[in-house]
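Here the structure is laid out as structure tokens; the discussion comes afterwards.
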Amino acid sequence: MTDLRQTHSVLEVQGLYGGWGQTTVVEDVSLAVGAGEAVSIIGRNGVGKSTLLELIAGRAQRQAGGIRIGGNDCSSAPTYRRSDSGLGYVPQEREVFPSLTVRENLLVAHRAGEWNEDRVFTMFPGLAQRSKSMGWQLSGGEQQMLSIARALMGNPKVLLMDEPTEGLAPVIVEQLVRVLRNIAADGTLGVLIVEQRVDVVLGLASRCLIMDRGRVVHRESIASLRAKPERLAQLIGLE
């Protein structure tokens, strides 16, 4: 399995099992993400994609297996230690702080590095215009952009994103996809993204992992899938 240990891997997962309480949702998942690489995880609803990200982030219960972030063994580490090791997380529910302004949401997550307030405001000019607005005053698209910007302010080595385009209007999706392409093209940050939209998957990632019943059941390059886009729908059981 050639993708388990990329050169300069920023995320390595080996034989991971886990879920919620005593319930096992993810079974024997192994993957790696290299610096400057974007990897997509796709599959039907309920197959364990989001739980996999929650396990990597330390918010679900790991039962077995290993997790290394930025070269550090984080298998049993609390969430904040994983963040210290270089993990950024954009959860499906966005989870912006409603009682803080946009600027305060960003500053609370800031760590020294190339990503700073000026850079994220350049990438998200709409947030710059609303820097004094409270989190609860933002639209769904603005909250999603703030969630991504806040994760970047932590200057992560690997960024996890769970369904970043879900529930957004088409024009907002177009804006967000442009931003995600810029992030993926940065060359230093590894990205692991759960995404249902085939066009987003094909436009962002270099590799694709397909999950079913808690396991990775197929791995393929995006170049191969672009040549036969109908194959992607077949692989995840949409056809």
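Below, each value reflects all heavy atoms present in this structure, side chains not excepted, and no hydrogens, waters or symmetry copies.
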Single-linkage hydrophobic cluster [X]~[Y], side-chain heavy atoms < 4.5 angstrom:
X	Y	value
Ile42	Val217	yes
Val171	Val179	yes
Tyr17	Val216	no
Leu100	Leu146	no
Val177	Leu152	yes

Side-chain heavy atoms of [X] within contact of [Y], under 4.5 Å:
X	Y	value
Met161	Leu192	no
Arg44	Asp212	yes
Cys208	Arg219	no
Val194	Leu160	no
Leu189	Pro156	yes
Leu209	Ser40	no
Asp84	Arg81	yes
Glu220	His218	yes

Using modelled atom types only, decide if a donor and an acceptor are shared between the side chain of [X] and the backbone of [Y] within a distance under 3.5 Å.
X	Y	value
Lys49	Gly43	yes
Ser147	Val90	no
Ser75	Ile67	yes
Glu37	Gly34	yes
Asn105	Val96	no
Thr101	Glu104	yes
Glu166	Glu163	no
Gln144	Pro164	yes
Gln61	Gly21	yes
Thr122	Asp118	yes

For a quick test of reading the model, state the closest non-hydrogen atom pair linking [X] to [Y] and the distance between them.
X	Y	value
Asn155	Arg111	ND2-O, 2.8 Å
Gln92	Ser50	OE1-OG, 3.6 Å
Val47	Met211	CG2-O, 3.6 Å
Ala57	Tyr89	CB-CD2, 3.8 Å
Ile222	Arg207	CG1-N, 3.7 Å
Thr188	Ala35	O-CB, 3.7 Å

Looking at Arg59 and Glu95, is any side-chain nitrogen of the basic one under 4.0 Å from a carboxylate oxygen of the acidic one?
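Between Arg59 and Glu95 there is a salt bridge, with a charged N closer than 4.0 Å to a carboxylate O.
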Should the pair Arg130-Glu142 be classified as a salt bridge under the 4.0 Å nitrogen-to-oxygen rule?
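Glu142 and Arg130: salt-bridged.
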Interatomic distance, [X] atom [atom1] to [Y] atom [atom2] [nearest 0.5 angstrom]:
X	Y	atom1	atom2	value
Phe124	Arg119	CZ	CZ	11.0 Å
Ile41	Ile193	CD1	CD1	10.0 Å
Ile148	Met123	CD1	CE	10.0 Å
Arg68	Ser85	CZ	OG	9.5 Å
Leu87	Arg82	CG	CZ	8.0 Å
Asn116	Met153	CG	CE	7.0 Å

Evaluate whether atom [atom1] of [X] has more than 12 neighbouring non-hydrogen atoms of other residues, nucleotides or ligands under 6.0 angstrom away.
X	atom1	answer
Arg215	CZ	yes
Arg213	CZ	no
Trp20	CH2	yes

Cation-pi between Arg150 and Phe97: NZ/CZ under 6.0 Å from ring centre and within 45° of the ring axis?
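Flagged: Arg150 positioned over aromatic ring of Phe97.
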